[in-house]
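Inspection log for the structure reproduced underneath, given as structure tokens.
We count ligands from 1, going down the list as the structure has it; atoms in each ligand are counted the same way. FYI, side chains are in, hydrogens and waters are out, and symmetry mates aren't considered; it's all heavy atoms of this structure.
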Amino acid sequence: MDYRGLIARAMEVKQSAYAPYSHFRVGAALLTKNGKIFTGCNVENVSYSATNCAERTAVYKAISEGEREFAAIAVNGDNDDYLPPCGVCRQVLAEFCDMETFEVILANNEEDYQIVTLDRLLPGAFSVDNLKSGDAF
Ligand code: THU
């Protein structure tokens with residue numbers, strides 16, 4: 001899979017980040033299984049806790065447009081190295097994405113990236129099965 005176009009969109013939307021407190025901009029580009037791309041940036045808040053990460057912005061935009069099936073997400077931050085999604089974003093991705101096949105692309109740029117599946121980022125995820133059974137593992 002050639003993810004350069006998806007990574008380019010994540011890098012581009014990073015320019016829209018609202019990050020006056022951390023000065024750390026993040027962009028994400030979410031690919032649906034039918035080939036559409038939804039982008040998102042981080043949107044900070046003076047309360048700090050109301051801040052929304054780039055990944056969740058992209059997911060919520062896609063969900064609110066009726067999309068439910070996702071293949072991959074590219075993430076690009078203002079750091080020098082691969083930016084892994086935070087724990088809350090991993091859990092939100094786990095709500096909608098297949099753990100074994102959904103690909104998270106940690107991108108420094110179009111040529112330099114790592115691909116990991118969601119199950120590697122969030123092993124033992126809290127899932128709907130845990131609502132029914134007492135066994136976590
Ligand atoms: N941030 C993201 O948007 N995505 C991540 O995966 C990690 C962190 C944002 C949240 C906050 O606006 C800033 O980066 C610093 O934590």
Looking only at non-hydrogen atoms, which of [options] approaches [atom] most closely?
| atom | options | value |
| --- | --- | --- |
| atom 13 (C) of ligand 1 | R56, E44, R90 | E44 |
| atom 7 (C) of ligand 1 | C89, A28, C53 | C53 |
| atom 15 (C) of ligand 1 | S22, A19, A17 | S22 |

Nearest neighbour in protein (non-hydrogen) for atom 4 (N) of ligand 1 =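 Ranking protein heavy atoms by distance from atom 4 (N) of ligand 1, first comes E55 OE1, 2.8 Å.
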Around atom 14 (O) of ligand 1, find the nearest protein heavy atom and jot down its residue, atom name and distance.
-> F24 CD2, 3.4 Å
Close-contact set for ligand 1 against P84 heavy atoms, below 4.0 Å | 6 (O)
Short list, please: which atoms of ligand 1 are under 4.0 Å from a heavy atom of P85?
-> 6 (O)
Tell me, please: is G77 in heavy-atom contact with ligand 1, that is, under 4.0 Å?
-> no
C86 near ligand 1, heavy-atom distance under 4.0 Å?
-> yes
Minimum heavy-atom separation for [X] to [Y], with atom names?
| X | Y | value |
| --- | --- | --- |
| V13 | G27 | CG1-CA, 3.8 Å |
| Y113 | A107 | CB-CA, 3.8 Å |
| E44 | Y21 | OE1-N, 3.1 Å |

Quick one: does any side-chain atom of [X] pair with a main-chain N or O of [Y] as donor and acceptor, under 3.5 Å?
| X | Y | answer |
| --- | --- | --- |
| N42 | R25 | no |
| N130 | S127 | yes |
| T57 | C41 | yes |

Quick one: do the N52 and Y60 side chains pair a donor with an acceptor below 3.5 Å?
-> no
Do any N/O atoms on [X] end up under 3.5 angstrom from N/O atoms on ligand 1?
| X | value |
| --- | --- |
| N52 | no |
| A54 | yes |
| N42 | yes |

R120 CZ: over 12 foreign heavy atoms closer than 6.0 Å = no
